[in-house]
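Counting convention: from 1, in listed order, for ligands and their atoms alike.
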Amino acid sequence: MVDIQVYRDSHFVGVKAVWEEAFPNDSPWNRAEVAIRQKQAVQPDLFLVAVDGGEVIGTIMAGYDGHRGWLNYVAVRGSHRGSGIGAALVEAAETRLREMGCTKINLQVRMANRAVTRFYENIGYGFDDVLSMGKRVAG
Ligand SMILES: CC(C)(COP(=O)(O)OP(=O)(O)OC[C@H]1O[C@@H](n2cnc3c(N)ncnc32)[C@H](O)[C@@H]1OP(=O)(O)O)[C@@H](O)C(=O)NCCC(=O)NCCS
């Protein structure tokens, strides 16, 4: 049975494996060693994992900036896709964000990964009439 839990250190190896499969060739600053350490310092309770028989099979990293909620690292092991785990992870994050007062949740999908928008549309997300911009501010 799949259980959704707040991330703990014992989940690290499993999360890293999920991400390496789901996001191959990701940027160095998105690697598990970096991203998890940073998330442990800010709203750690919004980093959730799906666990099946002790094995991490899915992840979601959410955040609330006081105005909008954000979803990142939505991923399920290839072997476990198509059985509702991705949707359950998003719903669990939505519940926690709503409890914090969040009224709108945003997410970004890479252009190269646009097929995944069908997953999000299936669970109620729509396209906003916006362009996404970003800037790296790390020294
Ligand atoms: C996207 C992802 C997390 C979905 O996880 P999942 O556990 O397979 O999704 P679910 O089984 O909960 O699917 C929920 C619904 O979306 C649909 N769906 C899932 N993936 C889909 C896809 N690629 N295209 C179309 N529909 C999809 C399912 O059929 C289901 O619909 P239903 O409720 O009508 O049956 C998973 O495919 C994944 O890890 N992909 C690689 C990482 C990735 O690209 N993440 C997104 C970054 S923005």
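Atoms CD1 and OG, on I57 and S83 in that order, are 7.0 Å from each other to the nearest 0.5 Å.
Screening residues 88-103 for side-chain hydrogen bond (donor to acceptor under 3.5 Å, both in side chains) gives E94-Y125 as the qualifying pairs, with residues at least two apart or on separate chains. For residues 18-31, the pairs satisfying side-chain hydrogen bond (donor to acceptor under 3.5 Å, both in side chains) are K16-E20, W19-T59, E21-R77, D26-N30, D26-R110, with sequence neighbours left out.
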Could you go through the side chain to side chain contact (heavy atoms under 4.5 Å, CB included) check for I4 and L89 one step at a time? CA-CA 7 Å; I4 295 180; L89 281 161; 4.2 Å; yes
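A donor-acceptor pair under 3.5 Å links the side-chain atoms of Q43 to the main chain of Y64, judged by distance alone.
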Give a table of atom pairs where an N or O of ligand 1 lies under 3.5 Å from a protein N or O.
unit_1	atom_1	unit_2	atom_2	d
ligand 1	7 (O)	G86	N	2.8
ligand 1	8 (O)	G82	N	2.7
ligand 1	11 (O)	G82	N	3.4
ligand 1	11 (O)	S83	N	3.2
ligand 1	11 (O)	G84	N	2.8
ligand 1	12 (O)	G86	N	3.4
ligand 1	12 (O)	A87	N	2.8
ligand 1	34 (O)	N122	OD1	3.4
ligand 1	39 (O)	V76	N	2.8
ligand 1	39 (O)	V76	O	3.3
ligand 1	39 (O)	R81	NE	3.4
ligand 1	44 (O)	N113	ND2	2.8
ligand 1	45 (N)	V74	O	2.7

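Under the salt bridge (charged side-chain N to carboxylate O under 4.0 Å, His left out) criterion, D128 pairs with K104, not counting sequence neighbours.
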